[in-house]
Amino acid sequence: MYELLYDIFGSEIIAMIIAACMPLFLFILPFALIAVLLERKVSAHMQDRLGPMRVGYHGILQTIADILKLIQKEDIVADTTDKKLFNMAPVLVFAGSYAVFAAIPFSGAFIGSAADVGIFFIIAVSSIVVAGILMAGWASNNKYSLLGAMRSAAQIISYEIPTALVVLSIVMLTGTLSLNTMSIQQTAYFWNWNLFGGAADGFVQLLLLPFTVVAFVIFYISSLAEVNRTPFDIPEAESELVAGYHTEYSGMKFAMFFLAEYANMFAVSAIAVAIFLGGYQSPLGYLGNTIGVEWLIPYEQLFWFTVKGVGLVLVQIWLRWTLPRLRVDQLMTVCWKYLIPYAFVNLIIIGLISLI
Amino acid sequence: MKQPKEIFESLKEKFTEYNFEIIEDLPVEPIISVDPLNVNKIGFYLRLDADLQFDSLMVLSGVDDNNAKKIKQEDETEIDDPGTLSVYYHLYSTTLKHKVTLKASAPKDNPEIESVEKVWKTADWHEREAYDMIGIKFLNHPDLRRILMPYDWDENSFPLRKDYENPEFYQGIKVPY
Amino acid sequence: MAIKTEEMVLNMGPQHPSTHGVLRLELELEGEIIKNVKPHIGYLHRCFEKHAEAMTYPQVVPYTDRMDYVASMYNNFGYAVTVEKLLGIEVPERVEYIRVIMGELQRIASHMVALGTYGLDLGAFTPFLYLFIDREKILNLFEMTCGARLLYNYIWVGGVSHDLHPDFLRLTKEFIDYYRPHIAELNELLSYNKIFIERTANVGVMPLDTAINYGMTGPNLRASGLKFDLRKDEPYSIYDRFDFDVPVGEGKMGTVGDCWDRYFVRVLELEQSLKILEQAIEQIPEGDVQSAIPKRIKPPAGTVYGRVEAPRGELGYFIISDGSVNPFRMKVRAPSFVSLSIMGELCKGHLVSDVVAILGSIDIVLGEVDR
């Protein structure tokens, strides 16, 4: 992508900037707009009501109206806040979740950075979010925010361990840290996905199958916790902590948190897709191959990637509107007493099998 | 199951030194009037005695009896009798299923009644409410503050007293505004 | 080196999503562990007792509506029963049946709010809306009868304000058949949800002797294991004619008297109320509903304490009459007022999240706490 832009503009800097902004404007913003509406509509229909209906046909413009409202809102900064940190926090949180998109392979032809350490980079860079959340909670000088931020930091850091362990087991299986390579390995039909044991030989794949499924489940649960979604939305538990770390924010700064949340939702789904569900590969073969139009393939890949990602986002929404919320100590119990030991055992077994 | 009359008799037998009266000519239920400064001891007896077992205080209500009057003395001078404030205790036994109503009255100029908070925890908030609204001082209550009215309400103004008058100002704002 | 530590005081409310109105809880925290809870009430104080002293007896009825605004019908009911006790009047059979039907419908509607908001407090949004869809149907029945959906002023001293709509009984019967399967749905969705059980079982355990000493009544007391229901133990109106059970807490998921028990007793009561409704609809006679309404209420001097089993517990009216047309003193024993006083005791040693769970499980309505 960057090379193409470099050819067009002839300047490294312009090409860089455009390449960096592409996912934001092409993907994250539209996705956030759609996801917010999706969440509201899906939850409404799950609850036997209609949801937004006024702005546009069946309320499809509702989020745009909301964004307009947020932009126009007064940016309130309370007197006793720590101004510097307070203003920096939303940017940092957003930057953290935005940076993740750099390493996500949307399609064979569109990867922000095809770095060989893709998944490692993602795990590292997404931790910036914790710092941002802590800053927001501390700088707000509000007890609810502080409690929310502490909970959130504890939660995200704890749940990174099972995530990393599971990712490690898949890295062991595939022998690469690059998400693009992983996606390429899972090519052809869906039984080659890492979810079903990866592209190993018949017998080894059967052996691996139960463990990779377990790995996927662990990964999905801990990724839910990392993006603070129900049943793990404890940091912003509205019935206890009002809105958690972003209680004091309004206007665009609030919108940044909001955007980051939805960007994160897609980011974790995308990582799950790239690692377990065949990345951008089609489960059924490509139309471009069948009819012999090669330039169609990257677009098909983008389509499949989006479909799989949004599918997982829908599951997140579905869970959110069905389940109650855990308590903070139960959350830690789930992580430290169940997920981490299982992930460990899983890691060892997958390691042993891949020795065969 | 005991009738109020029997309870009255047993109270009289137990506490010979206190005054008890039974008011029976009421349409629904008779009332036993008790000594305001010893109501906690009476309460403990009623709650713990095996034949009575009044383990539940249904309601505790403070009442301004509105019986202030002028008493003429022998030398033709009049003195004000400020009347009384009373507390009604409605007791119930969840095991024996009988009820009794007690009444303790204290003079309005010094309305002191012993707290029964130690006997029935329910009394805690009810006594605070009676203090808040009527101005009865419950002795030995652990936390006698206003409960429904604002904490900064005038110390000597109790809204449910019959001689209560609306304050002209509250926190510098004219009432009624 | 010793680290300097101090307790954090967290003000929960008066504006807070889950204090069920305008309640302020002052939490003393050590980390997330509660050291002490002090409820501050009075933000919704509307001087009911003072107002009542200036009103005639029938004029008080609309004011009773505004106490427990989730169960207005039962407040009317309790007031009417108490004044009738003072006056010593009998009301016609049909009126009694109408009152029981309205009272039980109101109990179902009120429990729906209690259960739904409880789920909401714990983060389960969907059951709340499912319950409100069904509550809507009950409110429609009320609207059909007396024109109001929240504050009814329906049950008067000696009678009711309107006779039933001709379709009312049929529609109520349809509602019963429609609603019964929905209780099972609620159980699947919320009651037996693993996360919900984790959040509520063994939390806020209320032992029976504490419960009685603090004056708990209604579902809160029954959840602690005492089979005490004024409809059975001290039948008022015509409750002695109906066959129904009194569900008590059994500690099915944890300890007897925990939050889950308090929640589940309410679920079981839905079923029992439907049972009473069915019987009442079968038996209701024809007749005039306003024949016993006194033209002028002037009770004899004296006192009366009348109590009924409102959805939230024992609702008592203590009325002192001086023989005039106005009550001399009216004191309301509001079940929520009494239930709330146990908060401090229940919350000690729990986490901040549990405060929400406990507060929701004792089911208070601030309109009634503050009156």
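Values in this document were obtained by computation on a predicted structure and should not be read as measured data. Both backbone and side-chain heavy atoms feed into the values below; hydrogens, waters and symmetry mates do not. Protein chains get the first letters and strands the later ones, always in sequence-line order, with residue 1 at the start of each.
Closest heavy-atom contact between C/Arg199 and A/Arg327: CD-N, 3.5 Å. Smallest separation of non-hydrogen atoms from C/Ser353 and A/Val328: OG-N, 4.5 Å. Nearest heavy-atom pair, C/Leu129 versus A/Arg49, reported as atom, atom and distance to 0.1 Å: CD1-NE, 3.6 Å.
No more than 12 heavy-atom neighbours from other residues, nucleotides or ligands sit within 6.0 angstrom of CD on C/Glu250. Around the NZ atom of C/Lys173, the shell of radius 6.0 Å holds no more than 12 heavy atoms that belong to other residues, nucleotides or ligands. For C/Tyr192, the OH atom sits in a packed shell: over 12 heavy atoms of surrounding residues, nucleotides or ligands are nearer than 6.0 Å. Under a cut-off of 6.0 angstrom, the local environment of CE in A/Met150 is sparse, with at most 12 non-hydrogen atoms contributed by other residues, nucleotides or ligands. Atom OH of C/Tyr178 sits in a crowded spot, with more than 12 heavy atoms from other residues, nucleotides or ligands closer than 6.0 Å. C/Tyr69 OH: more than 12 foreign heavy atoms inside a 6.0 Å radius.
Only the side chain of A/Gln330 comes within less than 4.5 Å of a heavy atom in chain C; its backbone stays farther off.
Residues satisfying the side chain to side chain contact (heavy atoms under 4.5 Å, CB included) test with A/Val213, not counting sequence neighbours, are A/Leu195, A/Leu209. In this structure C/Glu271 satisfies the salt bridge (charged side-chain N to carboxylate O under 4.0 Å, His left out) test together with C/Arg180, sequence neighbours excluded.
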Chi angles and distances behind the side chain to side chain contact (heavy atoms under 4.5 Å, CB included) call for A/Arg151, C/Val352: CA-CA 12 Å; A/Arg151 285 179 179 192; C/Val352 178; 4.1 Å; yes

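Of the possible donor and acceptor atoms, none in the side chain of C/Thr126 sits under 3.5 Å from a partner among the backbone N and O of A/Gln47. Formation of a donor-acceptor pair under 3.5 Å by the A/Lys143 side chain with backbone atoms of C/Met8 is not found in this model.
When the options C/Tyr130, C/Phe128, C/Phe125 are evaluated for a ring-ring contact (aromatic ring centres under 6.0 Å, His included) with A/Trp321, the one that passes is C/Phe125.
To the nearest 0.5 Å, atom CG of residue A/Leu326 and atom NZ of residue C/Lys194 are 10.5 Å apart. Atom-to-atom distance recorded for C/Leu122:CG and A/Leu323:CG is 12.5 Å, nearest 0.5 angstrom.
For the pair C/Asn193 and A/Thr322, the minimum side-chain heavy-atom distance is 4.5 Å or more.
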